[in-house]
Amino acid sequence: MNGTRVLVLNSGSSSVKYQLIDMHGGDRLAVGLVERIGEETSRLKHTPAGGGSREWSGPVADHDAALKAVAAELAGDGLGLDSPELAAIGHRVVHGGRRFTEPTVVDDAVLAEIERLIPVAPLHNPANLTGIRTAQQLRPDLPQVAVFDTAFHTTMPESAARYAIDVGTADAHRVRRYGFHGTSHAYVSRETARLLGRAPEDVNVIVLHLGNGASASAVRGGRCVDTSMGLTPLEGLVMGTRSGDMDPAVIFHLMRVGEMSADEIDTLLNKRSGLIGLCGDNDMREIRRRVDAGDERARLAFDIYIHRLKKYIGAYYAVLGRVDAVAFTAGVGENSAPVREAAVAGLDGFGLAVDGELNAVRGDGARLISPAHARVAVAVVPTDEEMEIATQTYALVNDSGNLT
């Protein structure tokens, strides 16, 4: 294989995010987004390496049309999909179940298994499949690689992955804890070790991926041993619109007393809960503005968010036994100093603290925000899921044994 470029595609239900990365130097040759696919007001934004973004709006009927539009934009910069420099296309796939524990070259059997997993990822896997199939049509000769959100978490021991329900029922219906945001947790845990000047296998890290979706993981020596999301991305932390952990009997109560259907409860817990359910906002910047203005609903929502976060930090400290670093990442984790400060406040006994001045500094790179000589490092590590997908894809296709 002579090409050094990887096109990374993240196909959502109504959007396609993409990046073209030259793996020789790690340069992003182009980045872009097609959103509101299927609507009259679809929008494409494309930014080549030299800057000068291009945008246009208009109807984009489906993912096939979206990817053809992306291909046309890339071709306009001399970066067309027919370039011999393009080595592979890497696809984010949300759910890989127990079978896919590492990046995988896509064939018919892989597509069939991703499709078989749709019942446990009904919002994500269908869109991921559409992206792969459309890319195959555009470049049938090129390796298509699936990189799974769940793969990093497949190293969890059974004691962490199993729910305490009847084993036969669980196995029959594939009910277990899979975890998500795996590419982010893998990247951030490794980058945190690099920030500390140590090898990943020598470092224990608690990774806090805090965005509209949020998850925590306990990473021992580069391997995930526990994570907060479960069968679906609903379990765990308080999120923008998702409830996170909750007594399952609430569902039965709402069915019996509230006379709500399963679909209505699904919508409630995934789209009308979390921060937006508590205070009507799911943007942490707006919530903090309201808190500072004395809004009690916003204050309660923030306090509940932080309370859950602290519980997971403490729990994963116990799971790991020794913690070398706590790393904040994703939109909220990277940009909200008040969240970081509140999350570790009062945890001095665990060796956790933030330096107020360091925490207040905004920056693009990985950095420590804990006091000098702190027993446990507290870090802000920007995630880069696209680079992680590209890196895993390129490594796989460079191994000639993986290609036919």
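- Minimum heavy-atom separation, Ile37 to Ser42: CA-OG, 4.0 Å.
- Between Asp384 and Arg28 there is a salt bridge, since at least one side-chain N of the basic residue sits less than 4.0 Å from a carboxylate O of the acidic one.
- When side chains are defined from C-beta on, Tyr18 does not count as touching Val8, because their heavy atoms never get closer than 4.5 Å.
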For Tyr312 and Asp245: C-alpha separation, side-chain torsions, deciding distance, then whether side-chain hydrogen bond (donor to acceptor under 3.5 Å, both in side chains) applies. CA-CA 11 Å; Tyr312 269 91; Asp245 291 340; 2.6 Å; yes
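- In plain terms, the two heavy atoms of Leu117 and Gly96 that are nearest each other are CD1-C, 3.4 Å.
- Side-chain atoms of Ser273 come within 3.5 Å of backbone N or O of Leu268 as a donor-acceptor pair.
- More than 12 heavy atoms of other shown residues, nucleotides or ligands fall within 6.0 angstrom of atom CZ in Arg162.
- Summarising the local packing, NZ of Lys17 is surrounded by 12 or fewer heavy atoms from other residues, nucleotides or ligands at distances under 6.0 Å.
- Within 6.0 Å of CG on Asp166 lie more than 12 heavy atoms contributed by other residues, nucleotides or ligands.
- Put simply, the side chain of Leu208 reaches to within 4.5 Å of the side chain of Ile313, judged on heavy atoms.
- Listed here is the closest heavy atom pair of Arg308 and Ser243: NH1-O, 3.4 Å.
- Residues His124 and Asp149 bring no donor and acceptor atom of their side chains to less than 3.5 Å of each other.
- Side-chain N or O atoms of Thr232 include one that pairs as donor or acceptor with a backbone N or O of Leu234 at under 3.5 Å.
- Panel note: side chain Tyr163, backbone Leu231; a donor-acceptor pair is recorded below 3.5 Å.
- Met229 is listed as a side-chain neighbour of His181, based on a closest heavy-atom distance under 4.5 Å.
- The shortest side-chain heavy-atom distance between Val145 and Thr104 does not fall under the 4.5 Å cut-off.
- Residues His185 and His153 place their aromatic rings such that the two centres sit under 6.0 Å apart.
- In this structure, Arg223 contributes its side chain and Thr154 its backbone to no donor-acceptor pair below 3.5 Å.
- Judged by distance alone, the side chain of Asn335 and the main-chain N or O of Gly331 form a donor-acceptor pair under 3.5 Å.
- Look at Asp77 and Arg54 and you find a salt bridge, because one of the NZ, NE, NH1 or NH2 atoms lies within 4.0 Å of a carboxylate O, short of that distance.
- For Tyr178, the ring-ring contact (aromatic ring centres under 6.0 Å, His included) partners at least two apart in sequence or on another chain are His95.
- Heavy-atom contacts from other residues, nucleotides or ligands closer than 6.0 Å to CZ of Arg198 number more than 12.
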Next on the checklist: Thr393 vs Val147, test: side-chain contact (heavy atoms from CB on, under 4.5 Å). Steps then yes/no.
Outcome noted: CA-CA 7 Å; Thr393 296; Val147 178; 3.8 Å; yes
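- For the pair Asn128 (side chain) and Ser11 (backbone), a donor-acceptor distance under 3.5 Å is present.
- Two residues are said to be in side-chain contact when any heavy atoms from C-beta on lie closer than 4.5 Å; Val376 and Leu347 fail this criterion.
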Q | Steps toward side-chain contact (heavy atoms from CB on, under 4.5 Å) verdict (Leu368, Leu358) | A | CA-CA 8 Å; Leu368 295 176; Leu358 294 176; 5.8 Å; no
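- For Met284, the side chain to side chain contact (heavy atoms under 4.5 Å, CB included) partners at least two apart in sequence or on another chain are Leu275, Ile287, Arg288, Phe302, Tyr305, Val332, Ser336, Val339.
- Residues Val225 and Thr155 fail the side-chain proximity criterion, which asks for heavy atoms closer than 4.5 Å.
- Smallest separation of non-hydrogen atoms from Thr227 and Tyr316: C-OH, 2.9 Å.
- Side-chain atoms of Asn125 and Val94, non-hydrogen and from C-beta on, do get closer than 4.5 Å to each other.
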Start with the C-alpha distance between His209 and Ser215, add both sets of side-chain angles, then the distance that settles side-chain hydrogen bond (donor to acceptor under 3.5 Å, both in side chains), and finish with yes or no.
-> CA-CA 5 Å; His209 177 108; Ser215 60; 5.4 Å; no
Item to check | Step-by-step side-chain hydrogen bond (donor to acceptor under 3.5 Å, both in side chains) determination, Asp22 to Thr4 | outcome: CA-CA 6 Å; Asp22 189 333; Thr4 61; 3.0 Å; yes
Given Asn270 and Asp266, is the side-chain hydrogen bond (donor to acceptor under 3.5 Å, both in side chains) satisfied, shown in steps?
CA-CA 6 Å; Asn270 279 289; Asp266 190 302; 3.1 Å; yes
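- In this structure, Ser53 and Lys45 approach most closely via the heavy-atom pair OG-CE, 3.9 Å.
- Here the side chains of Leu129 and Leu111 are in contact, with some heavy-atom distance below 4.5 Å.
- Nearest heavy-atom pair, Arg5 versus Gly78, reported as atom, atom and distance to 0.1 Å: NH1-O, 4.5 Å.
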